[in-house]
Amino acid sequence: MATASVSTPLKSHHGIFSTRTAGGRMPLTPSPRIRTSSLATNISNTSSPFTPPRQTTESTRIVSQSTYGNVTSLFSRSTSRTTYRDSPKSNIAKAKKSPKHLELGVSDWTLTGTGTTVGQTPSKSAARKKGPLRTRSGKTTIRLEAGDRFIPNRHASEGIVTAGSGKFDESQRPKTSSGEGSAVLANAVSAFDLGGLVAEDDATGALEGLSLEDGEEVPSYTKPAPDTLAYESSLATACGVSLNTRILAFKPAPPESSKPIDLRSQYNRPLKPANAASAQFRRRVLTAPERVLDAPGLVDDYYLNLLDWSSGNQVAIGLERNVYVWSAESGTVSCLLETAADTYVSSVKWSGDGAYVGVGLGSGEVQIWDVEEGTKLRSMHGHDTRVGVLGWNKHILSTGARSGLVYNHDVRVAQHKVAELVSHASEVCGLEWRADGAQLATGGNDNLVSIWDARSLAAPKFQKTNHRAAVKALSWCPWQPNLLATGGGSYDRHIHFWNTTTGARTNSIDTGSQVTSLRWSNHYKEIVSSSGFPDNSLSIWSYPTLVRNVEIPAHETRVLHSCLSPDGQMLATAAADESLKFWKIFEKKPGSASAMSREGGITGKGGDMVKQMTIR
Amino acid sequence: MSAEKDKSKVHKLSLKGSSKLIAEFFEYSINTILFQRGVYPAEDFTAVKKYGLNMLVTSDDQVKAYIKKIMSQLNKWMTGGKISKLVVVITSKETGEHVERWQFDVQIFNRPSKKTSSKDTSKPPDKENAAPTDTPDPPPEKTEKEIQLEIQSIFRQITASVTFLPQLDAGNCTFNVLVYADADSEVPMEWGDSDAKEIENGEKVQLRSFSTSNHRVDTLVSYRLAD
C-alpha cells in the first residue's frame, strides 16, 4: 500500500503539466497540483514561481542523461541505472515535499542545478532571480560537480525542512572532493535504503549517477523520512484531499439549454411562474367542430388547394371533377362546374370581391367563373402542367403550376399573361398575396420559399431555403404586414417566420408534424396550423411567444386544406377523410366587437342547419 | 432540555438515512444552482416544497434524466461512504473556461470502512501537523428539524449568493458534476477520471454547513473574478 501510494506521485507530477495526457492512473492522486498550489497559497506565496523551475528540472534531467556519457566514461556506467533508480527516488523526493520546501522551491533548485552560477552568487535573492534562466545554459558544466554536491545537499536537506536555503551555499561549497563525498554517499545511500538496487562494486558510479540524473530534486529531497507518509497525508489532509481519492466526472454532456436565458428577468421573477398566471387568463378555445360536412371524393393530394371561403361567405370546394359552392348564409349547396372527363380540379380561389372563383385544372387550364350567374367567364391557357395553386390580387390572378412556373394573369385583358415568375424548380404548391398586394410569397416542392416584390417580378426579392420539405402553408400576418409565416412538409415540420422587408427569419417552431396550412387570426395574436401525420390536428400558437395554446385533434387523416371565414372567427378544414369541418377557434369575445378587423360581421347563422350534410 | 434530548434520540438518523438525506441535498443543490445561475431557462423549473422552502426543480425531461442518472450513482456511493466531495462546475460553452465551482465537502464520522492499515499507520504522526478541523468530533446529535433548518439556511445562502457572484453569460454555460470518490470505489462506465476543474485565481467564499449524526457537509463556492 505504501509503495503504491508513493510511486504514483511521479506520474501525477507529470500530470501537472499536461493533466489530460497522463491516462487513467493520473488522477489517482490528484493532489500534487492541488497540494502545491493550495499550499503555496496557504503560505501566502503564489504557485507560479514554484512551477517553472519544476519544468526546467525535468528538462535538465533528461539532458543530463544524454550528455552524461559524453562527459565521462565513468559516468556512463551508471546511466542505465540512473533511469532505473529514477522513479523510486524521485517519488520519495516528491513525497517529501513539505510546505517549507515549496516555499524554497526556487532557490533550492537554483543552488544545485546551476553549479557555477550559484557559486558566484551565493546570495539567495540573486540566485532566485537568475534561477530559471540560468539552468539551461549551465547544464553541461554541472555534470562533474553534481556528484559531489550530493552530500552537502543531503546534509542541507535537514536544514531545508527547518531552516532557510541560505545554508546551502555554505555547506555545499567546501565539500567538493569527489572521493570523500562518494564514500559518505555510499553509506548514506544504503543507510537510507535508497541503494537497495545498487551493487557494491559500482557504488561510486551509482552515487554519481544518482546525483547526476536526479539533479536538483534528489539533493533537496533525499532524506528518506520515516515521516514521508506523514507529510504526504498531512499535505493531503491539509488540502482536504485524501491520497486514495480520485476525482470522477460524470462524462455525458449535460443537455443543451432549450433557449437563451436572460438572467435579469429571472432575478426579477414574480413569485408565481408566468405560465401559471397566464393559464388562468388563457382564452378557451372550442375544441369541438361547429359543423361537419361530407366532402366525398376530395383528392388526397398535399400539392392541391381545393378549399376557399369567400368574402361573400361562400365556401368553394373542389371534389375531383366538380366545384361545389356552399353558402354559409343559407346552408345551400350548388354544383358550380364539372370539368371534362380527362382532367380534374386542382385548385380553387375566390376573387377578393367574392363574385368570381378561379379554378385551376389538372390540364393546366385556368377558368374563371361567375358564381352568381353560374357561368364561366373565361379560360386562360398557358400552363401545360396542372395548376395547383391560385392567388388573387385585385384583377391579377397568379397561378402556380407543377412545372414550377408562376404566371400572373390580368383577367381583364385578352393577353392575360402579364408576368412569368421563375424561381421554383419543382411544383408550386403555396402562393399567397399580401393583403396590400405589394408582396407575393410562393412555396414549392423544391423546399423553397420565394418572396416577390410586386413591382419587380423578374427575380424574387428573397429566396429562403430553410425548409427541408415542400412549402405549401403560407400566411401573411394581418397586423404586421411584413411578417410571413411558412410551414414545411413532412420531412421539415417547421413553421418559420420571416421579416419580408429584411428577409430575416425571426422565429421558428418545430411542430412535430407536416404543416399543411397556416392561418393567422384577425383578432388574436395567434396563428393556427393544420398538420398531417401523426396528429392530423389543428394547433393554435401564440405569437410571438410561440406557445402552443391548444392542439385539437381535428381529423382522422391529414388535414389538407384550411380557410378562415370572412369574419375571421371560423376555420374550415378539409381532410383526406372526406370531411369538411368548421371550427370556431377564434371566437370573438362579446364586447370586443371593436377589435373586428375584417370586413363584415357575417356569422354563419346556421342554427336551422342540420349537423351533417352532403354537399353533393 | 432532557425531553428534547430524548426526542432527538428517537429521530436519530442512521448512517443510511443520513446518506440518503445528503444525496437528496445534493440533488436539490444541483437543481438550485442550475436555476439560480441560469444554466437552464427559468421556465424549465417548477417549485417544490422542501426544507420549508420553495425549491426549484427542473421539469425539463432531458435535464431531469441527466440529474437522475447522476443521483442514482451518487446514492450508491453515498451509502457506501465513498464520497468526500461533490463539485458542480459551471463552464463557459464558448471558451471552455470554468467560471464557477460549487464544492460540497462531505465528512463522514465514525467511518466504518476506513480501516486500511496504511491509513492507520499514517495517522499518528499526522496529528501533529493536522489542522484542527481535520479530525472533527461528531457533533451532538440533532433533530431532523434542526438539520432541516441548517439545510434551509444553506439554500437561502446559495440563493442569496447570486447577488455577489459575477453575472454569468447566461444560457451560454454548461455544467459538470465531479465527485471525489475513494480510489476503491466502483466506477460505472459513465463516470471517468477528471481533473479538479479548479478555477484559476478564483475567489472563494465559504458558505454554511450542515451536519447530521453521521455526516457533515461544507459548502464552498469559487468563482472567477471579473476582469
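Keep in mind it's a predicted model, so treat the numbers as computed, not measured. Quick note on labels: first sequence line is chain A, next is B, and so on, each numbered from 1.
When all heavy atoms are compared, the tightest approach of Pro252(A) to Glu190(B) is CD-O, 3.5 Å.
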query: Would Asp193(B) and Leu248(A) count as a side chain to side chain contact (heavy atoms under 4.5 Å, CB included) if you check the C-alpha gap in whole Å, the side-chain angles of each, and the deciding distance to 0.1 Å?
result: CA-CA 5 Å; Asp193(B) 288 309; Leu248(A) 298 171; 3.5 Å; yes
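Applying the side chain to side chain donor-acceptor pair (under 3.5 Å) rule to Ser222(B) yields no partners; only residues at least two apart in sequence or on another chain are considered. Judged as a ring-ring contact (aromatic ring centres under 6.0 Å, His included), and not counting sequence neighbours, the contacts of His496(A) are His467(A), His494(A), Trp498(A).
Residue Leu178(B) holds its CG atom at 13.0 Å from CZ of Arg246(A), rounded to the nearest 0.5 Å.
Around the CG atom of Asp510(A), the shell of radius 6.0 Å holds more than 12 heavy atoms that belong to other residues, nucleotides or ligands. More than 12 heavy atoms of other residues, nucleotides or ligands shown are found within 6.0 angstrom of CD on Gln157(B).
Residues from residues 63-76 of chain B that place a non-hydrogen atom less than 4.5 Å from a non-hydrogen atom of chain A comprise Val63(B), Tyr66(B), Lys69(B), Ile70(B), given in numerical order.
For the side chain to side chain donor-acceptor pair (under 3.5 Å) condition, the pairs that include at least one residue of residues 24-35 of chain B, sequence neighbours left out, are Glu24(B)-Lys50(B).
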